[in-house]
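The structure under discussion appears below in the form of structure tokens.
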Amino acid sequence: MIEIKGLHKYFGDLHVLKGIDLNVAKGEVLSVIGSSGSGKSTLLYCINGLEEIQKGAVIVDGVDVHAKGTDVNKLRQNLGMVFQQWNSFPHLTALENVALAPQIVKKHSKTDALEIAAKQLKHVGLGDKLNVYPNSLSGGQQQRLAIARALAMEPEYMLFDEATSALDPELVGEVLETMRMLAEEGMTMICVTHEMGFARDVSDRVAYFHQGIMEEIGPPEQIFGEAQSEHTRKFLANVR
Amino acid sequence: MSNNMSFFSGFQPHDLLFMAEAAGQTLLISVLSISTGTVFGIIFGWMLQSGNWVVRAILGTVLDVFRSVPLLIQLVLFFNFFPIMGWPLEPFAAGTFVLSLYTASLVAQVARGGIEAVGKPMRRAARSLGMSYWQDMRYVVWPIGLRAVFPAWVGVALGVMKDSALVSVLGYVELLRASQILITRTQEPFIILAVAGAFYFVLSYPLSKYSQKLEERWAS
Ligand SMILES: Nc1ncnc2c1ncn2[C@@H]1O[C@H](COP(=O)(O)OP(=O)(O)OP(=O)(O)O)[C@@H](O)[C@H]1O
Ligand SMILES: [Mg+2]
């Protein structure tokens, strides 16, 4: 379980997250929506410790992410993350991209790491691209590669930061399909997204962020049907 | 050159050997300076990129001095400075020291550029997989950054090899100094300078060829 308690985040004087309280249970799929600059990406970075926090706490399976003695490198193995930019390692083949972290972080033997990598690449539908370099993959394929790379660490949680926003429209579908598949397999997911269809159909809950505040959270039917907050309704009216 | 020929005589076959030996000295001082300078340059470049502002300001200024003061002046200054400190240095040692520093100051900028060529998003992606800072450096930043700035480093290395000729002002007999000695004796500057040029080319060619090969391999 991910527990976020009274989380405040500043960039200098800029107050980006203003007291977030949020729990995400095992197996849950949470979509996070909201306008640009509302702090959605920052929230994800605070969850896996890529950003420091100024107040509050993030606790993953009982471990305080930002506590002094916490081994964030160990923790992050359990918190896969996929970014807007796919960030494939350009000097490695698809297989090597996925095998790298299992080998050097998890200390698997090279053979085992490659085996894990091949399995994950097949899982996301890239079984025929094992020995291809990223520059000859499409954006959608590279994003699925990024998903496979995260999955190869066998995380219990996956964080998606607008995984489809940088893709050409015709490539969005394949990535959403992969994310949907993970959701159906029971992966715990927090998905920052602008894809309202995905948020509505796949998530258990949807959270709306507005200027650093989690303004509203609830099941998709509530958020998309009878949003309580004026801001939520306005935002949804604009994106549709 | 103690031989029984007259002081002024034409270019002899064994002069070629003399020049080859001198080319060996050029190679030696270049390889030493480039490798030492590269190691320190990478460390300095990393400090420039990731140090706090005090480190960046001080180191940046010092390296700027070494990059911008003409090498000739640095060589003469250091060569005369060490004896004053009660630590006289051979021309070879002084030359290697100054050339290494000079190389390091150039490589520092190249190395910093290499690290910066790997953007923050890429590094965050690496860290998000559980890699430590040094694993990210070793397995992501190094290979990607190296490919980005390798041509620039080759440029620095070839430049330093040519600049090593300046060590001749300290009296160190490398290729240029050897040529001057022979020119004085033979009065045949054209032949000798052409031969010296050919030696410099022979010294540089393997590196440029090898780097070309590497770049081709990386590009595929
Ligand atoms: N490293 C940083 N330094 C300073 N300010 C930052 C930094 N990262 C983000 N910010 C600021 O924090 C605020 C929240 O940014 P964040 O990226 O979390 O928003 P977002 O909701 O993800 O927006 P988007 O939909 O555009 O991705 C923005 O005002 C942004 O400019
Ligand atoms: Mg964002």
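Every chain is numbered from 1, with letters handed out A, B, ... down the list of sequences. Note: hydrogens, waters and symmetry copies are ignored here, and every other heavy atom, side chains too, is used. Since the model is a prediction, treat every value here as computed from it, not as a measurement.
Looking only at heavy-atom pairs under 4.5 Å with chain B, the residue among Q85(A), E51(A), Q84(A), Q77(A) that has the most is E51(A). For the set L159(A), L79(A), L100(A), I104(A), the entry with the most heavy-atom pairs within less than 4.5 Å of chain B is I104(A).
Heavy atoms closer than 4.5 Å to chain A are found in the side chain of R147(B), but not in its backbone. For chain B, no part of S136(A) is nearby; none of its heavy atoms comes within less than 4.5 Å. Residue M81(A) touches chain B through both its backbone and its side chain, counting heavy-atom pairs closer than 4.5 Å.
Other residues, nucleotides and ligands contribute at most 12 non-hydrogen atoms within 6.0 Å of the CZ atom of F190(B).
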Walk me through whether T188(A) and E28(A) qualify under side-chain hydrogen bond (donor to acceptor under 3.5 Å, both in side chains). CA-CA 5 Å; T188(A) 310; E28(A) 188 179 2; over 6 Å; no
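A heavy-atom distance below 4.5 Å is found between the side chains of L28(B) and F92(B).
To the nearest 0.5 angstrom, I33(A) atom CD1 is 9.0 Å from S203(A) atom OG. Rounded to the nearest 0.5 angstrom, L89(B) CG and F79(B) CZ are separated by 8.0 Å.
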